[in-house]
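Okay, structure first, notes after.
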Amino acid sequence: MIVWLNGTHGAGKTTTSALVQPLLPDSRVFDAEKVGATHMDITHGLPRTDNFQPWPPWRPLVVETAHHVLDYTGGTLVIPMTVLVEQYWREISTGLAQHAIPVRHFVLHADQDTLRGRIEGDTLLPSPFRLTYLEPYVEAARTWLHGEAEVVDTTGLTPARAALQIAEAVKG
């Protein structure tokens, strides 16, 4: 099984995934961003970008990596990864379904002021790049994303509470 934690930057995906993992027996965290980072290291050949998700190889490689890791280890993968383009989510979720991998898709949500405050206050990973995804998140949430997932509003939740809520939903 895959527990996919979606949502925009600042919603708490990375922090929450690390807290969900010990609550789900035989689970591990798979950061699909590392697949994209590998692509970013390829020189001479891939279009220059600050976002690897539009590159066609990224989506099937995330699917194949998850599939092969689960074949090897079994259990559950917790994947903290923002996917705001519906077509990309369809490609990933269809690919996982073709491998008969069940997916519990959660969106960690917070209001815009909270997200902006978290991003601007992050001293470990300060990045204006993260702010550029606030509006695309609002649009994705309005048009398709919240209808495709279980929404966990983290505006007033600690990451530990959000993790417990997700783990209980998965186990329940």
Side-chain angles (χ1 to χ4, degrees), residues 1-21 24 26-42 45-110 115 127 129-130 132-154 162-163 165-167 169-171:
M1 163 186 267
I2 289 176
V3 175
W4 195 289
L5 302 184
N6 204 339
T8 195
H9 304 281
K13 297 177 305 298
T14 301
T15 302
T16 302
S17 67
L19 296 169
V20 166
Q21 184 274 319
L24 297 176
D26 196 25
S27 69
R28 54 211 40 84
V29 174
F30 164 44
D31 187 350
E33 190 165 327
K34 304 287 189 198
V35 175
T38 299
H39 287 105
M40 298 290 270
D41 289 340
I42 296 171
L46 294 177
R48 187 110 174 102
T49 183
D50 62 353
N51 183 355
F52 48 76
Q53 288 190 13
W55 291 338
W58 178 76
R59 299 175 300 276
L61 284 172
V62 167
V63 169
E64 290 305 314
T65 303
H67 165 68
H68 287 287
V69 169
L70 285 173
D71 272 358
Y72 180 64
T73 64
T76 300
L77 288 181
V78 179
I79 303 179
M81 187 71 216
T82 299
V83 179
L84 300 180
V85 176
E86 185 176 10
Q87 173 192 337
Y88 301 168
W89 177 251
R90 295 273 172 250
E91 289 177 37
I92 291 167
S93 59
T94 299
L96 295 169
Q98 289 172 343
H99 289 296
I101 301 171
V103 177
R104 288 292 296 268
H105 185 197
F106 294 89
V107 170
L108 302 187
H109 172 80
L115 290 169
S127 170
F129 167 85
R130 296 165 74 202
T132 64
Y133 284 87
L134 294 181
E135 288 306 316
Y137 168 72
V138 168
E139 182 61 16
R142 184 184 67 74
T143 58
W144 72 274
L145 184 57
H146 283 195
E148 291 287 322
E150 300 170 61
V151 178
V152 177
D153 191 337
T154 66
Q165 185 176 332
I166 291 164
V170 170
K171 291 178 188 177

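Here the structure is a predicted model, which means the values were calculated and not measured. All values below were derived from every heavy atom in this structure, side-chain atoms included, with hydrogens, water molecules and symmetry-related copies excluded.
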Does NZ in Lys171 sit with more than 12 non-hydrogen atoms of other residues, nucleotides or ligands closer than 6.0 Å?
yes
If we only count heavy atoms from C-beta on, is the Leu77 to Arg28 side-chain gap below 4.5 Å?
yes
For the residue pair Phe30 and Val35, establish whether any side-chain heavy-atom pair is separated by less than 4.5 Å.
yes
Is the shortest side-chain heavy-atom distance between Phe106 and Val170 below 4.5 Å?
yes
If you look at every heavy atom in Ala162 and Val152, which pair is closest and at what distance?
CB-CG1, 4.3 Å
Taking all non-hydrogen atoms of both residues, which atom of Thr82 and which atom of Gly7 are closest, and how far apart?
OG1-O, 2.5 Å
Restricting to pairs with a member in residues 67-84, which pass salt bridge (charged side-chain N to carboxylate O under 4.0 Å, His left out), not counting sequence neighbours?
none
Return the minimal non-hydrogen interatomic distance between Leu96 and Ala66, and the atom names on each side.
CD2-CB, 4.2 Å
Check: His109 ring centroid to Tyr137 ring centroid under 6.0 Å:
yes
Any donor and acceptor pair, going by atom type alone, linking the side chain of Trp4 with main-chain N or O of Met81 inside 3.5 Å?
yes
Could you pull out all residues at least two apart from Pro57 that satisfy side chain to side chain contact (heavy atoms under 4.5 Å, CB included)?
His39, Trp55, Leu61
Hey, could you give me the CD/CG distance between Glu150 and Leu5, rounded to the nearest 0.5 Å?
11.0 Å
Close side-chain approach of Pro80 and Val29, heavy atoms under 4.5 Å
yes
Between atom NE2 of His146 and atom CZ of Arg142, what is the distance when rounded to the nearest 0.5 Å?
12.0 Å
Please find the pair of heavy atoms, one from Ala163 and one from Leu19, that lie closest to each other, and give the distance.
CB-CB, 3.5 Å
Would you say His105 and Leu145 make side-chain contact, with heavy atoms under 4.5 Å?
yes
Looking at Arg104 and Ala169, would you say the former's side chain and the latter's main chain have a donor-acceptor pair under 3.5 Å?
yes
Does Gln53 offer a backbone N or O that forms a donor-acceptor pair with the side chain of Arg59 under 3.5 Å?
yes
Audit row: Val103, Ile79, side-chain contact (heavy atoms from CB on, under 4.5 Å) steps and yes/no
CA-CA 10 Å; Val103 177; Ile79 303 179; over 6 Å; no
Between Thr8 and Tyr133, is there a donor-acceptor pair closer than 3.5 Å when you use the side chain of the first and the backbone of the second?
yes
Got a sec, which residues hit side chain to side chain contact (heavy atoms under 4.5 Å, CB included) with Gln98, two or more places apart in sequence or on another chain?
Thr94
Backbone N or O of Val62 within a donor-acceptor pair of the Thr65 side chain at under 3.5 Å?
no
Of the non-hydrogen atoms in Ala110 and Asp153, which two are nearest, and what is the gap between them?
CA-OD1, 4.1 Å
Any chance you could measure Ile101, atom CD1, to Ile2, atom CD1, to the nearest 0.5 Å?
5.0 Å
One should read off an interatomic distance between Leu115 CG and Thr154 OG1, to the nearest 0.5 angstrom, of 7.0 Å
Thr73 versus Asp26, closest heavy-atom pair with distance:
O-OD2, 4.2 Å
